[in-house]
Amino acid sequence: MRLTGIAEVTALVTGAAGAIGAATARQLAAEGAVVAVADVDEDGAHTVARRLGGTAHPVRLDVTDSGEVERTVQDVEDRLGPIGILVNAAGVLGRTAPLTEQEDAEWERVFGVNVRGTFNCVRAVGRRMARRGRGCVITVASNSAGIVKYDQGLYGASKAAAQYLTNCAGLELAGHGVRSVVVAPGTTESPMSRANAHLPGRRQALLEGDPERHRVGIPRGTLAEPEDIASVIGFLVSDQAAHMTITTVTVDGGSTLRP
Ligand SMILES: NC(=O)c1ccc[n+]([C@@H]2O[C@H](COP(=O)([O-])OP(=O)(O)OC[C@H]3O[C@@H](n4cnc5c(N)ncnc54)[C@H](O)[C@@H]3O)[C@@H](O)[C@H]2O)c1
């Protein structure tokens, strides 16, 4: 199926130096979008944009800073045209540990990027999309938002908040031609998942499940590749998904199955 409605649209992808963000930028560029490859990792954004070539542009952006988000969104629109697609892929896992052992600074970091960052971008871009009467917002949350997982209290709570914010924006903007969809990946091959899977036996437990920790594993038997998430995002921002909004699409190889 050839996707329509993406060619020549300007897309802002945050966290685009990362695994899922870069795969998404690649997917959207392949569909003909003009892509702002945005990340706090400026070198990483440059590398990804260089690999994508002509229609990709590196942008240094720290999503936690509302002033910087506002200025960057305006600058992207001035240079590349009105943003028709926003993909919030910037995120941090934070330290995986029981809640009773978490530090204040970790709360600030995880909620700063995953919640405040999503809010800053949805507000700045959503306002402009609503004025123009069109646009699509995707937030990459996590299946951790819907499953209570050991050691992921901060991360899961932040992703649940990002999901709520995105759905709420979708509700408020639906009458202005703006759609929003949350994508909830399961464990995906990336530096983020490797940070979590480096412990002996951890990867096996991720795949097969861990009854002691009420984890069901991944019934499909493999971690996702970033491209598995990006291809779903490509579909969701296209005209083929025109009737989808204020909803969550889980892409986790069946992990959300309850034990
Ligand atoms: N990898 C997984 O297993 C997995 C599973 C579920 C959800 N997710 C979510 O998918 C998204 C992408 O994760 P990934 O797997 O590609 O991880 P990743 O670590 O490869 O990418 C995350 C990117 O976000 C960027 N970033 C961090 N703080 C930022 C900030 N303040 N401003 C701008 N950019 C910032 C990082 O520089 C990095 O490039 C994240 O939101 C993550 O929570 C990942």
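Whatever order the structure lists ligands and atoms in, that order sets their numbers, starting from 1.
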Legend entry - The one among Thr187, Val140, Asn88 that brings a heavy atom closest to atom 10 (O) of ligand 1: Val140
Legend entry - Atom CD of Gln74 with >12 non-hydrogen neighbours under 6.0 angstrom: yes
Inset, instruction - May I ask you to check whether Thr96 and Gln152 show a side-chain donor-acceptor distance below 3.5 Å? - result: no
Legend entry - Closest approach of any protein heavy atom to atom 44 (C) of ligand 1, naming residue and atom: Met192 SD, 3.7 Å
Inset, instruction - Flag yes if Val232 and Val35 sit in one hydrophobic cluster, no otherwise; membership is Ile, Leu, Val, Met, Phe, Trp, Tyr, and two members link when side-chain heavy atoms are under 4.5 Å apart. - result: yes
Inset, instruction - May I ask whether Ala89 has any heavy atom positioned less than 4.0 angstrom from an atom of ligand 1? - result: yes
Inset, instruction - Check whether more than 12 heavy atoms from other residues, nucleotides or ligands sit under 6.0 Å from atom CZ of Phe235, and answer yes or no. - result: yes
Inset, instruction - Check each atom of ligand 1 against the heavy atoms of Gly186 and keep those under 4.0 Å away; list them by number with element. - result: 3 (O), 5 (C), 6 (C)
Side-chain polar contacts of residues 18-33 - donor-acceptor pairs under 3.5 angstrom, sequence neighbours left out - could you list them?
from, atom 1, to, atom 2, distance (Å)
Thr24, OG1, Ile20, O, 2.7
Arg26, NH2, Glu227, OE2, 2.8

Inset, instruction - Write out the residue and atom name of the closest protein heavy atom to atom 21 (O) of ligand 1, then the distance separating them to 0.1 Å. - result: Gly18 CA, 3.3 Å
Inset, instruction - Supply the atom-to-atom distance Leu207 CG to Thr222 OG1, rounded to the nearest 0.5 angstrom. - result: 7.0 Å
Legend entry - Approximate separation, where rounding is to 0.5 Å, of Cys121 SG and Glu70 CD: 10.5 Å
Inset, instruction - Check each atom of ligand 1 against the heavy atoms of Ala17 and keep those under 4.0 Å away; list them by number with element. - result: 39 (O)
Legend entry - Heavy-atom nearest neighbour in the protein, as seen from atom 22 (C) of ligand 1, with distance rounded to 0.1 Å: Gly91 O, 3.7 Å
Inset, instruction - Can you figure out which of Leu223, Thr24, Leu61 has its heavy atom closest to atom 33 (C) of ligand 1? - result: Leu61
Legend entry - Enclosure of Arg60 CZ (heavy-atom neighbours >12, cutoff 6.0 Å): yes
Legend entry - Residues, nucleotides or ligands: over 12 heavy atoms within 6.0 Å of Arg128 CZ: yes
Inset, instruction - Give the residue, atom name and distance (to 0.1 Å) of the protein heavy atom nearest atom 15 (O) of ligand 1. - result: Ser190 OG, 3.0 Å
Inset, instruction - Report the nearest protein non-hydrogen atom to atom 3 (O) of ligand 1: residue, atom name, distance rounded to 0.1 Å. - result: Thr188 N, 2.8 Å
Inset, instruction - Might you confirm whether atom CD of Glu212 has over 12 heavy atoms from other residues, nucleotides or ligands at distances under 6.0 Å? - result: no
Inset, instruction - Answer yes or no: does an N/O atom from Ala19 fall short of 3.5 Å to an N/O atom of ligand 1? - result: yes
Legend entry - Contacting atoms of ligand 1, where contact means under 4.0 angstrom from a heavy atom of Pro191: 20 (O)
Legend entry - Nearest protein heavy atom with distance in Å, relative to atom 38 (C) of ligand 1: Asp39 OD2, 3.6 Å
Inset, instruction - Could you tell me whether Val113 and ligand 1 have an N or O pair separated by under 3.5 Å? - result: no
Legend entry - Shortest protein contact, atom 16 (O) of ligand 1 (heavy atom only): Ile20 N, 2.8 Å
Legend entry - ligand 1-proximal atoms of Lys159, by part, heavy-atom distance under 4.0 Å: side chain
Legend entry - Greater than 12 external heavy atoms within 6.0 Å of Arg79's CZ: yes
Inset, instruction - Using a strict 4.0 Å cut-off to heavy atoms of Ala90, name the atoms of ligand 1 that fall inside it. - result: 24 (O), 33 (C), 34 (N), 35 (C), 41 (O)
Inset, instruction - To the nearest 0.5 angstrom, please state how far the CD atom of Glu208 sits from the CD1 atom of Ile218. - result: 10.5 Å
Inset, instruction - Could you check Val137, Leu173, Val122 and say which one makes a side-chain contact (heavy atoms from CB on, under 4.5 Å) with Met129? - result: Val137
Legend entry - Minimum non-hydrogen distance to atom 31 (N) of ligand 1, winning option of Asn114, Val87, Asp62: Asp62
Legend entry - Ile229 side, atom CD1; Glu189 side, atom CD - distance, nearest 0.5 Å: 11.0 Å
Legend entry - Contact check: Thr64 vs ligand 1, nitrogen or oxygen atoms, below 3.5 angstrom: no
Inset, instruction - Under 4.0 Å from a heavy atom of Gly15: give me the atoms of ligand 1 that qualify, with their elements. - result: 23 (C), 24 (O), 25 (C)
Inset, instruction - Specify the protein heavy atom at minimum distance from atom 35 (C) of ligand 1: its residue, its atom name, and the distance to 0.1 Å. - result: Val40 CG1, 3.5 Å
Inset, instruction - Decide whether an N or O pair under 3.5 Å exists between Asp41 and ligand 1. - result: no
Inset, instruction - Determine whether any heavy atom of Ala141 lies closer than 4.0 Å to an atom of ligand 1. - result: yes
Legend entry - N or O pair under 3.5 Å between Val92 and ligand 1: no
